[in-house]
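Counting convention: from 1, in listed order, for ligands and their atoms alike.
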Amino acid sequence: MTGDASLNAARRARELAALAAGEVVDVLVVGLGVTGAGVALDAASRGLSVAALDAHDLAFGTSRWSSKLVHGGLRYLARGEVGIAYESARERGILLTRTAPHLTRPLPFVLPLTPAVPPRQAALAAAGSRAGDLLRLTAGTPRQTLPSPRRLTPAETRHLVPGVRAGGLRGGLLHWDGQLEDDARLVIALARTAAAHGARILPRCRAEELVGDGALVTDTLTGERFTIRARAVINATGVWAGQLVPGVTLRPSQGTHVVLPATALGGPAAALTAPVPGEHDRFVFALPQPDGLVYAGLTDEPVDGPVPDVPRPTEAEIGFLLDVLNLVLDTGLSRADVLGAFAGLRPLLPGGGRTADLSRRHAVLTSPDGVVTVVGGKLTTYRRMAEDAVDTAIRERGLAAGPCRTTRLPLVGAAPPAQLAALPAPRRLVRRYGLEAPMVAAEAGDDPDLLAPVAPGVPVTGAELLWAIRHEGALTEDDLLDRRTRLGLVPAHREAALPMARALLAAQAQAF
Ligand SMILES: Cc1cc2nc3c(=O)[nH]c(=O)nc-3n(C[C@H](O)[C@H](O)[C@H](O)COP(=O)(O)OP(=O)(O)OC[C@H]3O[C@@H](n4cnc5c(N)ncnc54)[C@H](O)[C@@H]3O)c2cc1C
């Protein structure tokens with residue numbers, strides 16, 4: 001990495017002023033979800049000059065509402081989509097071992113063999129796990145990173161997921177996949193790494209119109225309108241892509257998760273896989289998170305009509321998730337256990353059949369006036385999507401650039417697990433900031449209060465909020481509470497942290 005990875009209000013103002021004054025960039029990226037941030041990094045690291053905009057904030061869209069998994073593509077394998085499965089397994093390995101070992105980790109998944117799982121379904125699942133392991137091997141991910149699947153005894157199953165129904169339990173099936181510390185933090189790390197390679201990262205700039213050589217843009221903080229000129233334009237606006245480029249059609253599908261206290265499932269050490277009755281390859285997953293929470297999802301409901309900025313989970317979806325989990329749990333979950341819920345819209349490419357069956361492949365499309373749109377895919381494969389989009393832009397617009405470098409480009413904070421383990425910083429910070437954890441802690445200066453939780457029972461510290469304002473481009477309390485940290489996933493935590501977030505933002509505004 002070469003330059004400064006810090007994003008803040010002063011840098012945004014400076015870079016925006018230069019662009020509004022007529023500076024021309026090689027590539028203008030629209031959308032700063034995982035795809036757009038990945039495109040910005042890919043292009044900047046090839047030596048291209050880049051500006052990347054988001055109408056709201058980094059990770060404002062679908063990228064913060066995912067299941068926070070880096071999948072090996074088991075599900076695609078089951079459907080015979082071997083190409084997508086291999087691509088997912090390869091990208092998972094790159095994230096876990098090279099580019100983001102600080103933000104990813106292996107997660108054990110347990111399918112308890114309760115009476116709800118007939119022997120035939122168990123045999124199919126076991127065969128699928130073995131095929132997934134072969135895929136891991138083919139993709140070059142070592143067994144030390146993702147261990148092989150195996151059968152569990154009933155006692156081992158209940159040890160890993162204590163809440164599992166004991167009556168009739170025949171054991172369990174264990175396999176491993178990748179989990180992200182947090183999806184929004186991956187986007188932030190990508191954007192900051194891109195910034196270190198010179199990309200101008202510009203939240204709160206809405207593209208009103210796109211053409212092949214630029215965009216009409218509104219700075220939503222000031223209302224000012226101006227044109228940004230570029231040699232190539234890449235539209236990475238996910239479910240909103242069709243609003244900017246006519247002819248791009250998507251079939252959004254809503255996926256909802258509920259947030260539960262880990263204690264309600266007996267404190268699981270593994271993800272619980274609960275089969276959806278009547279469907280042989282659909283499951284609800286209860287995914288343990290480090291701060292005593294479990295995210296359980298997910299639904300798959302086609303969405304018609306206008307695309308909302310922030311999708312809302314429905315009571316029917318929440319009820320469905322609890323009902324499926326309760327089929328395999330002794331500890332009955334009720335609506336009162338739900339601490340929060342979140343929903344996202346998958347940017348699926350059109351095809352026949354149910355949205356649950358639509359392929360997760362991605363597409364790169366070029367409009368008649370040369371705007372390159374990259375859509376579909378998933379979080380795990382963002383890097384490959386970005387590479388394909390930048391390759392297309394280079395080819396279509398005749399840009400001079402080096403080859404893609406991102407398979408070997410560590411994101412800010414990345415380091416091998418042994419190096420991270422030796423860092424002199426709180427483990428929670430190491431998990432979320434990797435090598436930068438000691439610097440985050442140092443934000444507290446000589447104020448020990450900034451190293452304490454922002455409110456009782458809320459794990460985030462004031463130092464993290466300050467770091468987010470000074471180095472991660474947080475401009476508002478929503479940026480702090482809903483994207484740099486994920487306190488907003490539990491409304492009670494958000495409310496408790498709000499006064500501290502406001503106070504720190506006000507103090508920083510005076511400092512700038
Ligand atoms: C419920 C759910 C669970 C999922 N779980 C997983 C998972 O575990 N693993 C996995 O690999 N994938 C998962 N996915 C898929 C994955 O989350 C998405 O494919 C991915 O996040 C899409 O990212 P994106 O950058 O293309 O879109 P987005 O993240 O939606 O980014 C688009 C951005 O464009 C901005 N924008 C829109 N219009 C404009 C404009 N006019 N001007 C400027 N900016 C604009 C938006 O503000 C937004 O920030 C899941 C998806 C869902 C819905």
Side-chain angles (χ1 to χ4, degrees), residues 28-40 51-73 75-76 84 87-88 91-92 95 104 107 177-180 182-184 186-187 190-191 202-210 215-220 228 233-245 250 252-257 271 285 287 295 297-301 303 307 309-311 313 317 321 341-349 355 360-363 373-386 389 483:
L28 174 65
V29 187
V30 183
L32 278 165
V34 74
T35 311
V39 169
L53 320 173
D54 199 284
H56 303 277
D57 183 25
L58 313 179
F60 180 85
T62 304
S63 297
R64 69 176 150 140
W65 304 127
S66 81
S67 304
K68 293 127 184 62
L69 297 174
V70 282
H71 294 286
R75 195 168 168 207
Y76 315 116
I84 300 185
E87 185 174 275
S88 297
E91 295 301 325
R92 174 186 65 182
L95 280 159
T104 51
L107 177 70
D177 213 333
Q179 183 181 36
L180 281 162
D182 179 37
D183 44 12
L186 175 67
V187 177
L190 281 164
L202 304 165
R204 295 201 165 68
C205 288
R206 174 178 290 282
E208 308 288 353
E209 286 167 24
L210 296 188
L216 176 63
V217 174
T218 302
D219 176 346
T220 65
I228 295 183
V233 174
I234 299 181
N235 172 21
T237 51
V239 276
W240 297 275
Q243 294 177 4
L244 285 170
V245 176
L250 293 169
S253 123
Q254 173 154 317
T256 285
H257 291 83
F285 298 102
L287 305 159
Y295 302 154
L298 76 174
T299 58
D300 201 323
E301 301 291 333
V303 172
V307 178
D309 279 355
V310 178
E317 288 177 299
L321 295 172
F342 58 93
L345 300 179
R346 299 174 188 82
L348 299 182
L349 295 169
T355 49
R360 267 47 171 174
R361 74 195 151 82
H362 69 268
T373 295
V374 53
V375 274
K378 58 207 184 97
L379 199 124
T380 309
T381 53
Y382 81 86
R383 195 209 60 78
R384 182 57 200 269
M385 293 170 70
R483 290 168 290 272

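S253 contributes no side-chain N or O that, together with a main-chain N or O of R346, makes up a donor-acceptor pair within less than 3.5 Å.
For atom 30 (O) of ligand 1, the nearest non-hydrogen atom of the protein is T62 N, 2.9 Å. What sits closest to atom 25 (O) of ligand 1 on the protein, heavy atoms only, is T35 N, 3.0 Å.
Each of R64, K68, K378 was scored for a salt bridge (Lys or Arg N to Asp or Glu O under 4.0 Å) with D183, with one residue passing: K68. The one candidate from V30, L250, V307 that meets the side-chain contact (heavy atoms from CB on, under 4.5 Å) condition with W240 is V307.
When only interatomic distances are considered, the shortest N/O to N/O separation between W240 and ligand 1 does not fall below 3.5 Å. For the pair H56 and ligand 1, the shortest N or O to N or O distance does not fall below 3.5 Å. Below 3.5 Å of separation, one finds an N or O of V34 facing an N or O of ligand 1. Residue contacts with ligand 1: L379 is placed with a nitrogen or oxygen under 3.5 Å of a nitrogen or oxygen of the ligand (distance criterion only). At under 3.5 Å, a nitrogen or oxygen of A207, whether backbone or side chain, sits near a nitrogen or oxygen of ligand 1. Residue T380 has at least one nitrogen or oxygen atom sitting less than 3.5 Å from a nitrogen or oxygen atom of ligand 1, judged on distance alone. Checked by distance only, ligand 1 and L345 stay at 3.5 Å or farther apart across all their nitrogen or oxygen atoms. Below 3.5 Å of separation, one finds an N or O of D54 facing an N or O of ligand 1. Some N or O of L69 is nearer than 3.5 Å to an N or O of ligand 1, by distance alone.
Looking at S63, G33, P203 and measuring to atom 23 (O) of ligand 1, the nearest heavy atom belongs to S63. Among T237, D300, L53, the residue whose heavy atom lies closest to atom 45 (C) of ligand 1 is T237.
Contact detail for C205 and V217: the closest heavy-atom pair is CB-CG1, 3.8 Å.
Looking at R64 against ligand 1, nothing comes within 4.0 Å, counting heavy atoms. Contacts of C205 with ligand 1, taken as heavy-atom pairs under 4.0 Å, involve the backbone alone.
No side-chain donor-acceptor contact under 3.5 Å links T381 and E87. Side chains of T299 and E317: a donor-acceptor N/O pair is present below 3.5 angstrom, by distance only.
Taking CG from D54 and CG from L202, the interatomic distance works out to 10.5 Å, rounded to the nearest 0.5 Å.
Taking the six-membered ring for Trp and the full ring otherwise, the centers of F342 and H257 sit less than 6.0 Å from each other.
Every residue meeting the salt bridge (charged side-chain N to carboxylate O under 4.0 Å, His left out) condition with D57, not counting sequence neighbours, appears here in chain and number order: R483, R484. For H56, the ring-ring contact (aromatic ring centres under 6.0 Å, His included) partners two or more places apart in sequence, or in a different chain, are F60.
Short contacts between ligand 1 and R346, defined as distances under 4.0 Å to a heavy atom of the residue, involve ligand atoms 51 (C), 52 (C), 53 (C).
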